[in-house]
Amino acid sequence: MSIVSIQRTKSDEYAGIKAAVDKVIEQIGGLDDIISEGAKVVIKPNLVAKPASRLSGAVTRWEVCLAVCEAVKAAGGIPIIAESSAAGADTEAVIQMCEYQKLRDMGIPVLDLKKEPACDIQVNNGTKIDRLKSWEVIRDADAIITVPVMKTHDQTEITLGMKNCKGLITDVQKKNFHSIGVVESVCDLVETIKPVLEIVDGTYGQQGLGPIFGETKQMNLILGSKDLVACETVTGLIMGYDPEKVMITATAAARGLGEMDIEKIQVVGETIEAVRSPFKRPGEVEIEGLPESFHLIFDAQACTGCHNTVISSLMDMKAQDLLGYLEGMNVVVGPCTKDQLPEDATGDNTVCVGICAKKLAEEIGARCAIGCPPGNVDTVKAILGDRREYGVRY
């Protein structure tokens with residue numbers, strides 16, 4: 001039976017966080033079965049982009065990674081913290097802002113993967129990809145530990161340890177994942193690199209429009225398991241999500257990558273109900289300032305990935321004072337038909353979002369942001385067309 005440990009942090013200082021991490025590791029059976037003497041252990045935090053602050057819930061705090069490093073050392077392993085931030089983001093700038101230099105000063109390697117020697121890694125059972133575009137340090141690791149933050153995500157509902165592994169591939173492949181299907185691609189990635197442990201930083205989470213611009217939600221929790229699917233099932237339940245409706249969790253379980261049936265998961269430490277606190281979802285965020293002549297049309301079959309991407313993209317436009325470009329525009333999500341559009345809809349004033357909307361785009365000659373789901377940048381570019389060059393902000 002898969003074991004997931006939930007621990008409260010008794011203080012926000014390092015000692016309190018380390019105690020919670022150590023207790024989680026103890027309760028899931030220690031590290032001796034997954035880390036051998038002299039093993040090179042890559043520890044992957046979530047340093048996706050520069051946050052509003054290091055405790056905003058957008059990034060893994062260094063204290064959690066330090067506690068994991070100390071546990072790895074105690075088990076005889078050699079810890080290496082490694083990350084490549086989101087496509088277009090400066091990883092080193094995120095490392096510095098989030099104070100990971102403190103770990104370097106302690107002698108712990110903290111690698112900006114974008115500066116490391118690259119390599120291909122064969123994918124044997126992939127449904128979307130046959131090679132990972134990664135780095136030698138990832139290929140040569142004896143074990144990988146994923147250390148995500150507890151937060152929502154504007155395309156995958158929540159983002160935890162499996163999605164966090166996307167930082168172990170190059171920017172070009174990160175973008176490609178969205179074109180070919182990010183959920184199955186992430187599962188291909190996880191099945192290939194086989195992380196041995198997930199430790200969730202639930203001290204400060206993020207709700208609403210995560211993974212960067214959401215609202216901070218203090219939870220004072222650390223969770224962990226050697227079964228990533230079980231860990232994300234339990235974490236999702238704490239956040240108020242049915243695991244069967246979280247695309248990555250459900251797909252990974254269907255592929256045999258872990259256990260999603262809560263009846264087959266042993267939860268130790270705190271109970272789920274004792275710490276449960278539903279997170280505001282990306283689709284629940286209201287956008288003020290949209291023009292009255294703007295129409296946002298969601299087909300009943302539109303998936304949450306494209307739905308949330310559009311909401312997040314509109315928030316990006318608002319942040320950059322671009323909502324004026326939505327005057328008279330129609331944005332369509334999902335497999336809509338012409339009769340669902342306003343009477344004055346044309347190819348010039350309509351934008352379709354996602355692969356499911358491509359057929360309508362071709363029928364009326366509209367622009368289409370292709371992807372499953374597409375990324376925010378591509379979605380905003382499709383909305384703006386040639387009226388303005390959209391600058392990538394992160």
Side-chain angles (χ1 to χ4, degrees), residues 2-31 34-35 41 43-47 54-75 79 81 98-100 103 108 144-152 158-165 195-207 210-211 216-241 258 265-277 279:
S2 298
I3 304 173
V4 179
S5 174
I6 307 170
Q7 294 295 320
R8 295 184 193 267
T9 53
K10 294 182 179 179
S11 78
D12 202 42
E13 303 301 319
Y14 176 65
I17 292 169
K18 176 175 168 50
V21 170
D22 287 347
K23 190 65 175 179
V24 164
I25 291 173
E26 174 192 329
Q27 291 193 329
I28 62 175
L31 302 181
I34 57 175
I35 295 174
V41 182
I43 297 168
K44 166 63 174 73
N46 185 324
L47 302 179
R54 77 176 193 93
L55 299 180
S56 67
V59 295
T60 308
R61 57 192 298 180
W62 63 262
E63 293 95 332
V64 177
C65 277
L66 176 57
V68 174
C69 286
E70 294 296 331
V72 167
K73 287 181 180 178
I81 295 174
C98 297
E99 300 180 6
Y100 275 72
L103 304 193
I108 299 170
I144 294 173
I145 298 174
T146 178
V147 189
V149 193
M150 184 186 291
K151 59 182 179 177
T152 55
I158 60 178
T159 175
L160 295 166
M162 289 186 282
K163 177 73 162 50
N164 185 43
C165 291
V196 298
L197 175 65
E198 177 168 348
I199 298 291
V200 180
D201 175 3
T203 55
Y204 294 89
Q206 191 173 100
Q207 64 181 348
T216 304
K217 185 176 176 74
Q218 189 168 1
M219 294 292 288
N220 300 320
L221 296 175
I222 299 291
L223 293 90
S225 180
K226 296 169 187 174
D227 179 337
L228 274 61
V229 178
C231 190
E232 300 189 18
T233 295
V234 171
T235 306
L237 287 168
I238 291 170
M239 298 170 70
Y241 283 86
I265 299 171
Q266 181 182 359
V267 179
V268 296
E270 299 285 344
T271 65
I272 293 172
E273 284 306 315
V275 300
R276 185 176 183 273
S277 180
F279 279 45

Inset, instruction - Under the side-chain contact (heavy atoms from CB on, under 4.5 Å) rule, what do Thr159 and Asn164 come out as? Steps first, then yes or no, please. - result: CA-CA 7 Å; Thr159 175; Asn164 185 43; 5.6 Å; no
Does [X] reach the main-chain N or O of [Y] with its side chain, forming a donor-acceptor pair under 3.5 Å?
| X | Y | value |
| --- | --- | --- |
| Ser2 | Ile265 | no |
| Glu198 | Gly161 | yes |
| Thr9 | Asp12 | no |

[X] to [Y] - nearest heavy-atom pair and separation:
| X | Y | result |
| --- | --- | --- |
| Leu103 | Cys65 | CD1-CB, 4.4 Å |
| Tyr14 | Glu63 | CE1-O, 3.3 Å |
| Gln27 | Ser5 | OE1-OG, 2.8 Å |
| Gly236 | Ile158 | CA-CD1, 4.0 Å |
| Glu99 | Trp62 | OE1-NE1, 3.4 Å |

Legend entry - Pair Thr60, Asn46: side-chain N/O donor-acceptor within cut-off below 3.5 Å: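 Asn46 and Thr60 do not have a side-chain donor-acceptor pair below 3.5 Å.
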Legend entry - Distance-only polar pair, side chains of Lys217 and Ser277, donor-acceptor under 3.5 Å: yes
For the atom pair [atom1] ([X]) and [atom2] ([Y]), what is the distance rounded to the nearest 0.5 Å?
| X | Y | atom1 | atom2 | result |
| --- | --- | --- | --- | --- |
| Ile199 | Ser225 | CD1 | OG | 8.5 Å |
| Gln207 | Met219 | CD | CE | 9.5 Å |
| Ile81 | Cys69 | CD1 | SG | 4.0 Å |
| Glu26 | Leu31 | CD | CG | 11.5 Å |
| Leu223 | Thr235 | CG | OG1 | 4.5 Å |

Legend entry - Worked check of side-chain hydrogen bond (donor to acceptor under 3.5 Å, both in side chains) between Tyr204 and Asn220: CA-CA 7 Å; Tyr204 294 89; Asn220 300 320; 5.6 Å; no
Inset, instruction - Mark yes when over 12 heavy atoms from residues, nucleotides or ligands other than Lys73 sit less than 6.0 Å from its NZ; otherwise mark no. - result: yes
Inset, instruction - Carefully, step by step, assess Glu13 and Lys18 under the rule salt bridge (Lys or Arg N to Asp or Glu O under 4.0 Å). - result: CA-CA 9 Å; Glu13 303 301 319; Lys18 176 175 168 50; over 6 Å; no
Inset, instruction - Start with the C-alpha distance between Met150 and Phe279, add both sets of side-chain angles, then the distance that settles side-chain contact (heavy atoms from CB on, under 4.5 Å), and finish with yes or no. - result: CA-CA 10 Å; Met150 184 186 291; Phe279 279 45; 3.7 Å; yes
Is any side-chain heavy atom of [Y] closer than 4.5 Å to one of [X]?
| X | Y | value |
| --- | --- | --- |
| Val21 | Ile25 | yes |
| Val64 | Ile222 | yes |
| Lys44 | Val147 | no |
| Leu160 | Met162 | no |
| Ile35 | Ile145 | yes |
| Arg8 | Val275 | yes |
| Val72 | Ile43 | yes |

Legend entry - Criterion side-chain contact (heavy atoms from CB on, under 4.5 Å) on Val234 and Ile272, from CA distance to verdict: CA-CA 7 Å; Val234 171; Ile272 293 172; 3.9 Å; yes
Legend entry - Step-by-step side-chain contact (heavy atoms from CB on, under 4.5 Å) determination, Leu221 to Ile6: CA-CA 7 Å; Leu221 296 175; Ile6 307 170; 4.3 Å; yes
Legend entry - Inter- and intrachain pairs under salt bridge (Lys or Arg N to Asp or Glu O under 4.0 Å), touching residues 221-233, at least two apart: Asp33-Lys226
Inset, instruction - Give a yes or no on whether a salt bridge exists between Lys151 and Asp201, defined as a side-chain N under 4.0 angstrom from a carboxylate O. - result: no
